[in-house]
There are 2 protein chains.
Amino acid sequence: MPYTKEHKTQSRERILASAITLFSRQGYDSVTLDMLMTHAGMTRGAFYNHFDSKQELYSEAMISAALTSPIAEETPEDIDSIEHLHNIVEAYLSQAHLQEPDNPCLMAFMVTDVANNEPEVRKTYTHIFKRMSHRMANLMESSNAREPQNALALAALMIGGVAVCRTFSDDKLADEVLSACRALAASVIDAE
Amino acid sequence: MPYTKEHKTQSRERILASAITLFSRQGYDSVTLDMLMTHAGMTRGAFYNHFDSKQELYSEAMISAALTSPIAEETPEDIDSIEHLHNIVEAYLSQAHLQEPDNPCLMAFMVTDVANNEPEVRKTYTHIFKRMSHRMANLMESSNAREPQNALALAALMIGGVAVCRTFSDDKLADEVLSACRALAASVIDAE
DNA sequence: GTCTATAGAAAGATAGAC
DNA sequence: GTCTATCTTTCTATAGAC
């Protein structure tokens, strides 16, 4: 047998990684299967051995990106959870995250895209949003009496800040908006 | 002459109105010129008598939507500017705005869409965002010492809240997020 | 100015060889 | 499992009649 099971798994991973990169760079519709598979080091025809349709890849790519997101990572032993959350927010609302990051947050890069797509994709987005805000609510727990509500607004602010700044043709404005969002986010985290 | 200048202007307005409705409903790429012109009561071929390309329509539609936005409206004589801003935010972050409104905010409904588009479209978006946040900063002036920065974060929060809730397949979650964003927005407006 | 008809260029998905 | 070749559909944009 020339192709092992492991080989197939690796191909699938490469497709998913390419999808995250290309979708975040130019959106779902603009990425063709040809582009995608070339980026992953294969040709168009091989795609359907891994996914039933382009739509299915959409959901899978969002899940894959969420699993490797810094927000999902464990809090290091040596810092407390509030400090950890501050660090997450600083990194999320940064210029580095806007410009071709390794781990782009598809929640922010593709909000509108998802809203216009099939129910299955929207369901996946909704699920990931819940996980993301629950995680942040947990990290807030020690300082914050109304953490569930604050975590929801914080998630919307983070996603909105990144999504909006990515559209700008004006880097200075992006810096100002990111900075304003970081300040507001910090005050939400530290609110009693 | 069977067609007056006024008739042409009216046709153009109908196309713009249809664009705002359809773009906000299903995104830029998914709206075909056929769909658009049928919705506007004409056929495909007539489109190019009004716009050079679909892309040009994109920018024009965003401008048109911004000009008729409630945020751009004058403050009524009988209420003060802070109260007016609260009203704007309440209406913006509402279920009614999410579901097929007359005046959908394309800034929120199309953020991601725009980010993946041509520089011209992004420039238009950037310009409108500045207008929107300046307007809100002015309305905040009387209560708020750091209004320029707060207005930027407020705009990002509003756009993020609406964009995110529109993707959800879960109405209850959308209600919770909208409510959390309204609460945070109100605290930003009233901050000293 | 608006119409119908069509050119011309993709794209998603499938078929069959290796 | 991956390849090349192709079917089929769809879309933007143009041409020319009225």
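Just so it is clear: chains get the letters A, B, ... in the order the sequence lines come, proteins before strands, and each one is counted from 1. Note that these values count all heavy atoms, side chains included, but never hydrogens, waters or copies made by symmetry.
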Inset, instruction - Round to the nearest Å and state the distance from Tyr48(B) atom OH to dG1(C) atom P. - result: 17 Å
Legend entry - Spacing of Phe51(A) atom CZ relative to dA13(C) atom P, expressed in whole Å: 13 Å
Inset, instruction - Tell me whether the OP1 or OP2 atom of dT12(D) has a side-chain N or O from Ser53(B) closer than 4.0 Å. - result: no
Legend entry - Salt bridge present between Glu176(A) and Lys172(A) (N-O < 4.0 angstrom): yes
Nucleotides 5-9 of chain D: which of its N/O atoms have a protein N/O under 3.5 Å away?
residue: dT6(D); atom: O4; partner: Arg44(A); partner atom: NH2; Å: 3.2

Legend entry - Phe47(A) CZ to dC3(D) C1', straight-line distance once rounded to whole Å: 16 Å
Inset, instruction - Nearest whole angstrom, please: distance from the P of dA13(D) to the CD of Glu56(B). - result: 11 Å
Inset, instruction - Check whether the side chains of His86(B) and Asp190(B) place a donor and an acceptor atom closer than 3.5 Å, and report yes or no. - result: yes
Inset, instruction - Would you mind reporting whether Ser64(B) and Ile20(B) have side-chain heavy atoms less than 4.5 Å apart? - result: yes
Inset, instruction - Kindly point out which of dT12(D), dC3(C), dT14(C) is positioned nearest to the side chain of Lys54(B)? - result: dT12(D)
Inset, instruction - Group every Ile, Leu, Val, Met, Phe, Trp and Tyr by side-chain heavy-atom contacts under 4.5 Å, then state whether Val89(A) and Ile79(A) land in the same group. - result: no
Inset, instruction - Grab the CE-P distance between Met42(B) and dG1(C) for me, whole Å please. - result: 12 Å
Legend entry - Enclosure of Lys54(A) NZ (heavy-atom neighbours >12, cutoff 6.0 Å): yes
Inset, instruction - Under the salt bridge (Lys or Arg N to Asp or Glu O under 4.0 Å) rule, what do Lys130(B) and Asp170(A) come out as? Steps first, then yes or no, please. - result: CA-CA 11 Å; Lys130(B) 283 179 184 168; Asp170(A) 178 337; 2.8 Å; yes
Inset, instruction - Could you list by number each residue of residues 17-39 of chain A showing a heavy-atom separation from DNA chain C of less than 4.0 Å, or answer none if no residue does? - result: Val31(A), Thr32(A), Leu33(A)
Inset, instruction - Could you check how far CD of Gln10(B) sits from P of dG1(C), rounded to whole Å? - result: 13 Å
Inset, instruction - Let me know, please, whether Asp52(A) or Ala46(B) comes out on the 5' side of the other along DNA chain C by nearest nucleotide. - result: Ala46(B)
Legend entry - Rounded interatomic separation in angstrom, taking CG from Leu57(A) and P from dA13(C): 11 Å
Inset, instruction - Kindly determine whether Asn116(A) and Arg166(B) satisfy side-chain hydrogen bond (donor to acceptor under 3.5 Å, both in side chains), including the steps that lead there. - result: CA-CA 9 Å; Asn116(A) 300 322; Arg166(B) 244 181 68 81; 3.3 Å; yes
Inset, instruction - Measure centre to centre between the rings of Phe23(B) and Phe109(B), then say whether the value is under 6.0 Å. - result: no
Inset, instruction - Report, as yes or no, whether the 6.0 Å neighbourhood of atom CZ on Arg131(B) holds more than 12 heavy atoms from other residues, nucleotides or ligands. - result: no
